[in-house]
There are 2 protein chains.
Amino acid sequence: MNFKESHTLILNNVSRFINLTELEKQKYISLLTEVKVVKRGFLMQAGEVAKYEYFITKGCLKVYTLDDDGAPHISMFAIEDYWTGDLSSFMTKKSSRYYIRATEDSELLGISRANYDLLFQEIPKFERFYRILYQKSLISYIGRSNYGISLTAEERYIEFKKKYPQIINRITQKDLAGYIGITPEFMSKIISKVNRM
Amino acid sequence: MNFKESHTLILNNVSRFINLTELEKQKYISLLTEVKVVKRGFLMQAGEVAKYEYFITKGCLKVYTLDDDGAPHISMFAIEDYWTGDLSSFMTKKSSRYYIRATEDSELLGISRANYDLLFQEIPKFERFYRILYQKSLISYIGRSNYGISLTAEERYIEFKKKYPQIINRITQKDLAGYIGITPEFMSKIISKVNRM
DNA sequence: TAAAAGTCTTAAACTAGTTCATTTTTTTTC
DNA sequence: GAAAAAAAATGAACTAGTTTAAGACTTTTA
């Protein structure tokens with residue numbers, strides 16, 4: 001059997017941590033659902049329960065909440081080879097506070113909650129896969145946990161630019177401001193200052 | 001066989017997510033090391049490699065970094081029935097940026113990196129235990145990831161008070177300021193303001 | 001139990017970041 | 001490819017949080 005391009009991408013991602021037999025690969029792929037979202041389309045909206053966890057095979061999306069004043073707070077940008085979704089809502093089946101919206105035409109592979117649970121029964125190796133995946137995500141979130149309160153906005157911008165050069169050119173300055181946690185006006189000032197340096 | 005009080009505590013913690021046989025329990029306990037730290041003592045210091053991940057059976061500790069000006073940024077307080085350590089350093093074996101210091105006389109159970117790896121071979125069920133543990137931690141870190149940039153210091157204080165009433169009476173106002181991400185002076189103003197309300 | 005060290009409070013002068021308003025530039029849509 | 005809509009730039013007046021300094025209170029140590 002040979003797999004589609006998107007299937008090869010996700011199987012390569014999984015094979016970073018566990019080895020699957022051909023049969024297991026087919027089984028895994030059979031549990032996934034293909035999803036497309038056009039630019040500015042919503043993958044999910046606040047108030048819904050997260051039905052899927054997603055792996056991105058093409059495109060770019062932003063995950064954000066709206067505060068009481070309706071101002072967006074972007075918690076992540078996700079591109080090809082990243083996982084995204086609202087893990088909390090997905091696990092608890094409670095309604096989500098998050099919006100996920102494509103900033104480019106995007107393609108994803110989703111796994112439903114039922115299939116996620118089934119996966120551990122059918123291929124217990126996936127306990128290990130997710131153990132390592134969550135461990136790595138956790139390490140990265142722990143590392144960032146203090147950055148909002150201990151760095152200035154300018155330092156957070158410089159760090160983002162260094163860490164995610166492949167993302168910074170694909171998003172608007174306004175969305176970047178929503179991620180850094182400042183107003184678009186102040187973002188504009190910082191960028192012109194840093195570029196002048 | 002019967003277990004010590006601290007062993008019962010950690011076995012209860014583990015049994016939230018997986019069931020162990022008596023033999024597995026004994027095996028697990030045999031992989032742990034008991035550690036005591038007196039008030040103001042260090043469990044680890046920046047520059048060291050994290051040799052253990054810890055489960056707290058008694059006491060209270062603070063995990064923090066020092067910034068370039070020597071000001072402490074506290075990333076967590078940990079009390080009985082919590083896990084602590086520097087997961088990044090523990091996994092990568094690179095030197096840590098963190099200090100972990102007891103704010104009360106404390107007792108912990110540590111697992112070394114070698115025993116952590118062995119654990120998955122000997123009792124594969126622990127892949128599931130850590131998958132769920134890390135998933136829950138991750139959900140809580142994701143939930144907090146925007147709180148430093150989207151809430152005011154006063155809102156962060158009120159939230160901390162509501163969420164961790166059992167911790168707030170065990171730490172100094174100065175350490176709380178280091179966690180909230182403000183100066184002790186401003187912390188003092190906020191507390192007197194909130195209490196006046 | 002006295003001295004030393006650390007913690008907490010208060011206040012005045014300062015700075016990083018916001019708000020609001022206007023203009024210019026870029027992107028989207030028909 | 002023109003009109004409309006959205007994003008970016010700039011500037012002036014404002015606010016949340018910092019800095020520095022000094023005195024009062026509490027905890028630790030010898």
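Only heavy atoms go into these numbers, but all of them, side chains included; no hydrogens, no water, no symmetry mates. So you know, we letter chains A, B, ... as the sequences are listed, proteins then strands, and number each from 1.
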What is the separation between atom CD1 on Ile180(A) and atom C1' on dA16(C), rounded to the nearest whole Å?
15 Å
State whether the side chain of Ser89(B) and the backbone N or O of Ala50(B) hold a donor-acceptor pair below 3.5 Å, judged by distance alone.
yes
Could you list the protein-to-nucleotides 4-8 of chain D atom pairs, N/O on both sides, closer than 3.5 Å?
residue, atom, partner, partner atom, Å
dA7(D), OP2, Lys174(A), NZ, 3.2
dA8(D), OP1, Gln173(A), N, 2.9
dA8(D), OP2, Gln173(A), N, 3.3
dA8(D), OP2, Lys174(A), N, 2.8

Who are the salt bridge (Lys or Arg N to Asp or Glu O under 4.0 Å) partners of Lys136(B), not counting sequence neighbours?
none
Between the protein and nucleotides 18-21 of chain C, list every N/O to N/O distance that falls short of 3.5 Å.
residue, atom, partner, partner atom, Å
dT18(C), OP2, Thr183(A), N, 3.3
dT18(C), OP2, Thr183(A), OG1, 3.4

Could you go through Glu159(B) and Arg156(B), starting from their C-alpha distance and side-chain angles, then the distance that decides it, and tell me whether this counts as salt bridge (Lys or Arg N to Asp or Glu O under 4.0 Å)?
CA-CA 5 Å; Glu159(B) 196 183 293; Arg156(B) 278 176 269 151; over 6 Å; no
Please, which pairs that meet salt bridge (Lys or Arg N to Asp or Glu O under 4.0 Å) have at least one residue in residues 63-73 of chain A, sequence neighbours excluded?
none
Leu151(B) has an atom CG; how far is it from atom C1' of dT15(D), in whole Å?
17 Å
Tell me: CD1 of Ile191(A) to P of dT25(C), nearest whole Å?
18 Å
Measure all distances between protein nitrogen or oxygen atoms and nitrogen or oxygen atoms of nucleotides 24-28 of chain D, and list the pairs falling under 3.5 Å.
residue, atom, partner, partner atom, Å
dT28(D), OP1, Lys39(B), NZ, 3.1

Taking ring pair (Phe, Tyr, Trp, His ring centres under 6.0 Å) as the cut-off, I'd like each qualifying pair that reaches into residues 12-41 of chain B, sequence neighbours left out, listed once.
Phe17(B)-Phe129(B), Tyr28(B)-Phe126(B)
Taking atom CG of Asn12(B) as the centre, report whether more than 12 heavy atoms of other residues, nucleotides or ligands fall under 6.0 Å from it.
yes
Under the side-chain hydrogen bond (donor to acceptor under 3.5 Å, both in side chains) definition, can you give me all pairs with a residue in residues 39-52 of chain A, not counting sequence neighbours?
none
Using the salt bridge (Lys or Arg N to Asp or Glu O under 4.0 Å) criterion, which residues pair with Glu34(B)? Sequence neighbours excluded.
Lys4(B)
If you look only at pairs with a residue in residues 73-94 of chain B, which of them pass as a salt bridge (Lys or Arg N to Asp or Glu O under 4.0 Å), with sequence neighbours excluded?
Glu80(B)-Arg170(B)
Connected via hydrophobic side-chain network under 4.5 Å: Leu118(A) and Ile29(A):
yes
Tell me the interatomic distance from Ile149(A), atom CD1, to dT18(D), atom P, rounded to whole angstroms.
10 Å
Tell me every residue that passes side-chain contact (heavy atoms from CB on, under 4.5 Å) with Gln166(B), counting only those two or more places apart in sequence or in another chain.
Ile79(B), Tyr82(B), Tyr164(B)
Atom-pair distance (NE2 on His73(B); P on dT18(D)), nearest Å
10 Å
Figure out the CZ/C1' separation between Arg156(A) and dA16(C), and round it to whole Å.
10 Å
For the helix from dT1(C)-dA30(D) to dC30(C)-dG1(D), what angle separates the axis at the start from the axis at the finish, each from five pairs, in steps of 10°?
70°
Strictly distance-based, threshold 3.5 Å: is any side-chain N or O of Arg131(B) a donor or acceptor partner for the main-chain N or O of Arg128(A)?
no
For Thr172(A), which residues count as a side-chain contact (heavy atoms from CB on, under 4.5 Å) partner, sequence neighbours excluded?
Lys174(A), Asp175(A)
Glu155(B) CD - dG17(D) C1' separation (whole Å)
14 Å
